[in-house]
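First the structure, in the form of C-alpha cells, and then the observations on it.
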Protein chains: 2
Amino acid sequence: MDAPNPYAATCPTRQLLDRIADKWTVLLLSLLNDGPIRFNQLRRLIEGISQKMLSQTLRKLERDGLVARKVIPTVPVTVEYSLTPLGETLTRTIDPLIHWAETHMSAVNDAQKLYDRTARG
Amino acid sequence: MDAPNPYAATCPTRQLLDRIADKWTVLLLSLLNDGPIRFNQLRRLIEGISQKMLSQTLRKLERDGLVARKVIPTVPVTVEYSLTPLGETLTRTIDPLIHWAETHMSAVNDAQKLYDRTARG
DNA sequence: CCTCGTCGGTTACCAGAAGTGACTTGATGG
DNA sequence: CCATCAAGTCACTTCTGGTAACCGACGAGG
C-alpha cells in the first residue's frame, strides 16, 4: 500500500489538509470546542466572518464528519452546531496552534519590525 | 492589559493566526522541519505550488521570523531556507496536524460518502 | 392589517487574491 | 552558440471570498 503523502497534489491527505488549514476552520473548531453553539452566536463571536463563509465552512465540516448539525424546531428555528468525536480529536491538535499564536505573538512582532527596518532601509 | 482574543478581527493574534492557518504555510513549515532546503527543491516537493506563491509564502515566513533565508554565492546562486528557533516551536504544533490528517483520512472519507448519500438522496 | 425584526440560510455580483506562463541574469555543458 | 538551471519577477487570467439583497416562517407593535 502507498504511504499517504500530503505533498502530492492528488493524495487525499493533502486535500484534507487544504480544507482544515484554513483560518475560518481553525477559529470555528476552536469555538465549537467550548460546547454546542448556534449559527448566529458563532457569527457574532467571530469578527469579520460573513454569513456565506460561515455556512459554507460549517457545511464543509459537517460533510467531513467533524461537526454535527441539529435543527431545533423553535420559532424562529434554531440550528445548533457541535463537535463530533472525530472533530474533538482534530480540535485537540488545533488548540495548541491558537495557544502558540498567543504566546509567540510579541516575538513575531519584533521580527517583523526588524525585517521591515533592514529590508526596506 | 488586554488578554489576546483571536476572535477579534483587529487582535494581532488573529492576524498572526490568519497567516499561519494557510495550506502552503503548513506544508512549507513541515518540509523545512527536515532541515535546510533550497527554493527549487521545495517547489518540486510540494506539488501544485507556483513559484509566485512559494516565494511569497517564504518571504512572509521570513518576515515573521519563522524562516531564515541564506544566499550562497555559488553559480547559479543558491538560496537555502531553514527554520529559526521560533519557527521550530511553531512546527512542533503543526506536525501533529499533518499526522492527524494521515491517521483520520479514512474516517473523514467515510463521513463524506455517508453525507453525500443522505443529503443528496 | 401592515410592517418590522429574528433566525438560518441562499444567490448574484464584484474586488482582490491566487494561479499561469513568459522573462531575467549569468555561468556552464553539449 | 544555443539550451539549461538557479531564484525569482511581472503581466495576465482565473477563481475564491466578501457584500448585500432576498427568502420563508413567525411574533410583536402600531
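Numbers restart at 1 for each chain; the letters A, B, ... are given by sequence-line order, proteins then strands. As the structure is a computational prediction, the values presented were derived from the model and not from experiment.
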(request) Quickly, which of Thr13(A), Ile20(A), Leu16(A), Leu90(A) forms a side chain to side chain contact (heavy atoms under 4.5 Å, CB included) with Val108(B)? Name it, please. (result) Leu16(A)
(request) Could you go through the salt bridge (charged side-chain N to carboxylate O under 4.0 Å, His left out) check for Lys60(A) and Asp64(A) one step at a time? (result) CA-CA 6 Å; Lys60(A) 209 176 56 181; Asp64(A) 285 347; over 6 Å; no
(request) Send over the distance from Tyr81(B) OH to dA7(D) P, rounded to a whole Å. (result)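 It is 8 Å, rounded to the nearest whole Å.
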(request) Whole angstrom is fine here: how far is it from CG in Leu42(B) over to P in dA7(D)? (result) 9 Å
(request) Keeping the roles fixed (side chain from Thr84(A), backbone from Gly65(A)), state whether a donor-acceptor pair exists under 3.5 Å. (result)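 Side chain of Thr84(A) to backbone of Gly65(A): a pair is present.
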(message) Between Arg14(A) (side chain only) and Tyr7(A) (backbone N and O only), is there a donor and an acceptor less than 3.5 Å apart?
(response) yes
(request) Sugar-phosphate atoms are those with a prime plus P, OP1 and OP2; base atoms are the rest. Using that split, label each nucleotide of nucleotides 15-30 of chain D B, S or - for protein heavy atoms under 4.0 Å, 5' to 3'. (result) --BBB-B----S----
(message) Is there a side chain to side chain contact (heavy atoms under 4.5 Å, CB included) between Leu42(B) and Leu58(B)? Walk through the geometry before answering.
(response) CA-CA 10 Å; Leu42(B) 285 168; Leu58(B) 283 170; 4.2 Å; yes
(request) Tell me whether the OP1 or OP2 atom of dC5(D) has a side-chain N or O from Arg38(B) closer than 4.0 Å. (result)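 So the side-chain polar atoms of Arg38(B) never come under 4.0 Å of the phosphate oxygens OP1 or OP2 of dC5(D).
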(request) Could you walk me through whether Ile37(B) and Leu45(B) pass side chain to side chain contact (heavy atoms under 4.5 Å, CB included), step by step? (result) CA-CA 11 Å; Ile37(B) 188 168; Leu45(B) 281 172; 3.7 Å; yes
(request) Kindly work out whether a path of hydrophobic side-chain contacts (I/L/V/M/F/W/Y, heavy atoms less than 4.5 Å apart) joins Leu54(B) to Val71(B). (result)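 Cluster IDs for Leu54(B) and Val71(B) match.
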(request) Walking along DNA chain C from 5' to 3', note the first and the last nucleotide with an atom under 4.0 Å from a heavy atom of chain B, and give both. (result)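 Taking any atom under 4.0 Å from a heavy atom of chain B, the span is dA18(C) to dA27(C).
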(message) What verdict does the side chain to side chain contact (heavy atoms under 4.5 Å, CB included) test give for Asp95(B) and Ser30(B), after you've listed the backbone C-alpha separation in whole Å, the side-chain angles of each residue and the deciding distance to 0.1 Å?
(response) CA-CA 6 Å; Asp95(B) 262 358; Ser30(B) 160; 3.8 Å; yes
